Protein chains: 2
Amino acid sequence: MNLKQLSESLGLSQTTVSRALNGYPEVREATRLRVLAAAQAANYTPNVKARHLATGRAMAIGHVMPLTGREELVNPIFADFIAGAGEVYASEGYDMLLSMVSVEGAEAAYRQMASNASVDGVMVQAPTMDDPRIPLLQGLGLPFVVHGRTGSPEGYSWLDVANIRAFRRATEFLLDLGHRKIALVNGQETLDFARRRRLGYEQALAARGITPNPAWMRTDIMTEQFGYRSAVEMLEADDRPTAFLAASIIPAIGIRQAAGERGLRLGRDVSVICHDDGLSYIGNEGIRTPEGPAFTATRSSIRAAGKRCAEILLRLIDDPTQPPIQELWETDLTLGRSTGPAPAPASA
Amino acid sequence: MNLKQLSESLGLSQTTVSRALNGYPEVREATRLRVLAAAQAANYTPNVKARHLATGRAMAIGHVMPLTGREELVNPIFADFIAGAGEVYASEGYDMLLSMVSVEGAEAAYRQMASNASVDGVMVQAPTMDDPRIPLLQGLGLPFVVHGRTGSPEGYSWLDVANIRAFRRATEFLLDLGHRKIALVNGQETLDFARRRRLGYEQALAARGITPNPAWMRTDIMTEQFGYRSAVEMLEADDRPTAFLAASIIPAIGIRQAAGERGLRLGRDVSVICHDDGLSYIGNEGIRTPEGPAFTATRSSIRAAGKRCAEILLRLIDDPTQPPIQELWETDLTLGRSTGPAPAPASA
DNA sequence: CACTCTCTCCAAAGCGCTTTGGGTTGAATC
DNA sequence: GATTCAACCCAAAGCGCTTTGGAGAGAGTG
């Protein structure tokens with residue numbers, strides 16, 4: 001069933017039917033209702049491709065899910081982010097075009113999306129400090145929103161969490177508990193957010209006159225095994241940290257496991273704070289006892305971020321004169337069962 | 001730059017240029033090279049929508065990522081599955097159209113994809129025993145592949161792991177270690193795979209004359225907190241299991257946490273076997289010591305499954321006469337550090 | 001009553017591509 | 001030298017929709 005057939009069955013022109021369906025005012029209300037009823041009855045939906053050819057709008061948003069590392073690992077964080085964004089797209093009638101490519105291939109993917117106009121805008125995730133995708137997209141004139149930001153976050157739309165503050169605060173909290181040997185199990189520091197988190201950590205230490213120990217600062221893809229291995233190495237060294245700061249709940253789980261295997265109890269022998277993105281299946285909030293969730297954590301819902309980024313992007317698409325929209329979200333520091341006072345030096 | 005401009009700049013007709021670019025034989029090799037060079041120089045890529053309008057093919061595959069539960073949780077498993085599939089699509093020039101909807105909305109999503117021909121085929125994930133999407137898609141005539149299968153898996157293409165055998169084998173392994181009190185922390189049993197896993201578990205118990213204890217059989221969305229809570233409840237009861245069988249590594253992590261908090265060591269005081277989908281960030285294989293990975297697990301890469309499902313789907317699309325392709329993958333049972341002989345009854 | 005609007009509706013062009021159904025041309029064939 | 005046949009190339013017709021530029025019919029106005 002296409003427009004032509006539908007209009008013939010109604011004894012109307014294609015123009016009128018099209019206008020009736022798209023809510024234009026040049027059609028009598030009675031006619032519109034008749035058209036809508038007929039469309040409904042015939043189970044008619046306009047051919048998206050034809051419409052796009054005619055309008056030039058793709059009614060689709062491009063997402064590029066970066067696969068990190070040589071193994072092209074897929075971060076579950078993106079699934080939740082996409083879920084949030086997808087919700088918005090669906091409600092506004094947009095499709096989501098997903099491209100999974102290695103970090104190196106991302107640029108080409110965006111370039112292609114732009115060149116054949118298969119999307120009306122794109123979402124940029126996990127930017128590096130000086131991400132080449134941003135000037136690229138600006139040059140291509142394709143609307144985009146960055147989740148996170150770069151070193152010089154001007155002239156484009158982004159949404160980010162206050163990473164420096166979050167990790168400074170978390171570090172201060174550990175310092176207040178008497179910890180002096182604090183390890184940072186960070187994400188890849190080529191990524192801007194990880195760099196900022198390290199800054200926050202270093203600032204807090206510096207404010208108390210503590211020089212960070214390079215052996216206690218690890219940076220890599222935020223897998224469970226990365227957390228595990230980092231913790232194993234640090235806990236088996238002669239001088240070991242009494243607290244860990246993890247960039248995600250996933251490495252934090254690895255740290256917990258490493259500690260547990262060595263008979264160290266979280267919150268008593270070793271403290272752990274992680275950033276909690278509120279992941280669906282491994283959200284920290286879920287495991288809540290009267291004493292709080294499992295991990296003390298800086299919290300910010302990645303799904304809510306996805307949703308908001310999508311809203312911003314659609315606004316940008318709707319109104320090309322819209323100036324850049326930038327939002328900085330604060331995180332909560334929620335107390336859980338994984339932190340406690342630093343153990344007495346004798347036992348460490 | 002469009003076809004018309006390109007052909008004018010070359011002094012050729014649109015027909016010839018189009019044919020040259022698409023590899024038809026009616027064009028001289030010299031001309032083809034000239035055309036290709038010009039296209040390259042002009043950075044020309046054909047407008048996808050126009051092409052689709054003309055050919056009727058969308059060059060896109062629809063994925064519907066089911067969000068489960070009232071909270072619409074997104075299972076990280078799907079991210080890895082999609083990564084595998086996406087790899088294949090990209091290499092064959094297909095786009096991936098992703099729709100995130102609640103389980104109830106999935107049918108409508110598929111129906112829409114079919115009705116406006118925005119995709120050439122769809123992927124069906126997480127089927128229930130008697131999934132309505134299958135007759136729906138058959139009726140719509142849209143090629144599809146099911147990851148998993150239904151109660152009566154005939155007449156359509158699917159790829160599944162041998163869930164019954166996997167869980168029977170895992171249960172037998174625990175029985176061989178002397179465990180008699182084995183709990184099953186399963187996925188939602190409306191889903192076919194979960195039902196099959198329970199069957200495997202029950203068969204193994206029945207073969208040794210053991211009646212399953214309903215209190216030790218849990219079924220829900222496979223989150224970490226589900227694993228945690230289930231384990232807490234069972235471990236705090238008077239009669240507690242000595243071993244757990246978990247449907248995913250994620251609830252298994254919750255179980256481990258619950259056990260650890262109670263001073264129970266995995267592989268010594270409590271045994272755990274889980275199914276390991278080889279997730280990128282929380283893959284069991286990663287945390288490997290000389291004694292093996294953290295969990296004893298039935299293993300099957302979800303990413304490889306995604307890849308293979310995509311290959312099958314593209315084959316189906318390429319050749320409509322292709323009869324259904326069905327593949328049953330066996331799992332490995334790999335020994336990890338989470339299992340050991342059943343503790344002496346006195347200590348239990 | 002002629003004229004001007006406003007309301008409704010329509011014919012046709014156009015979006016950029018593929019593909020059908022020929023045309024030309026030059027070489028090979030009889 | 002006429003005929004046949006590849007080999008190349010082209011004009012034009014769609015694909016299904018939106019949108020421009022009217023046209024016709026009543027209603028309102030002087």
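Letters A, B, ... are given to chains in the order of the sequence lines, protein chains preceding strands, and every chain is numbered from 1. The model shown is predicted, which means the values in this text are computed figures rather than measured ones.
Listed by residue number, the members of residues 43-56 of chain A with any heavy atom below 4.0 angstrom from DNA chain C are A:Leu53, A:Ala54.
Nearest heavy atom pair, residue B:Glu72 against residue A:Arg303, reads O-NH1, 2.7 Å.
Note: B:Leu53 CG to B:Arg51 CZ = 13.0 Å, rounded to the nearest 0.5 Å.
Across the protein-nucleic acid pair, A:Glu8 atom CD and C:dA11 atom C1' stand 14 Å apart, rounded to whole Å.
A salt bridge links A:Glu107 to A:Arg111: one of the charged nitrogens lies within less than 4.0 Å of a carboxylate oxygen.
Under the 6.0 Å cut-off for aromatic ring centres, A:Phe193 and A:His147 do not qualify, their centroids lying 6.0 Å or more apart.
Residue A:Arg149 forms a side-chain hydrogen bond (donor to acceptor under 3.5 Å, both in side chains) with just one option from A:Asp192, A:Asp160, A:Asp131, and that option is A:Asp160.
Of the possible donor and acceptor atoms, one in the side chain of A:Asp120 sits under 3.5 Å from a partner among the backbone N and O of A:Ala58.
Side-chain contact of B:Arg57 with B:Tyr94: a donor-acceptor pair under 3.5 Å is present, judged by distance alone.
The residue among A:Ser18 and B:Pro25 whose nearest nucleotide of DNA chain D lies closer to the 5′ end is B:Pro25. Checking A:Thr16 against B:Val27, the closest nucleotide of DNA chain D that is more toward the 5' end is the one next to B:Val27.
Scanning DNA chain D 5' to 3' for nucleotides with an atom closer than 4.0 angstrom to a non-hydrogen atom of chain B gives a first and last hit of D:dC8 to D:dG16.
Using bins of under 30°, 30° to 60° and over 60° for the plane-to-plane angle, the ring pair B:Phe144/B:Tyr156 lands in the parallel bin.
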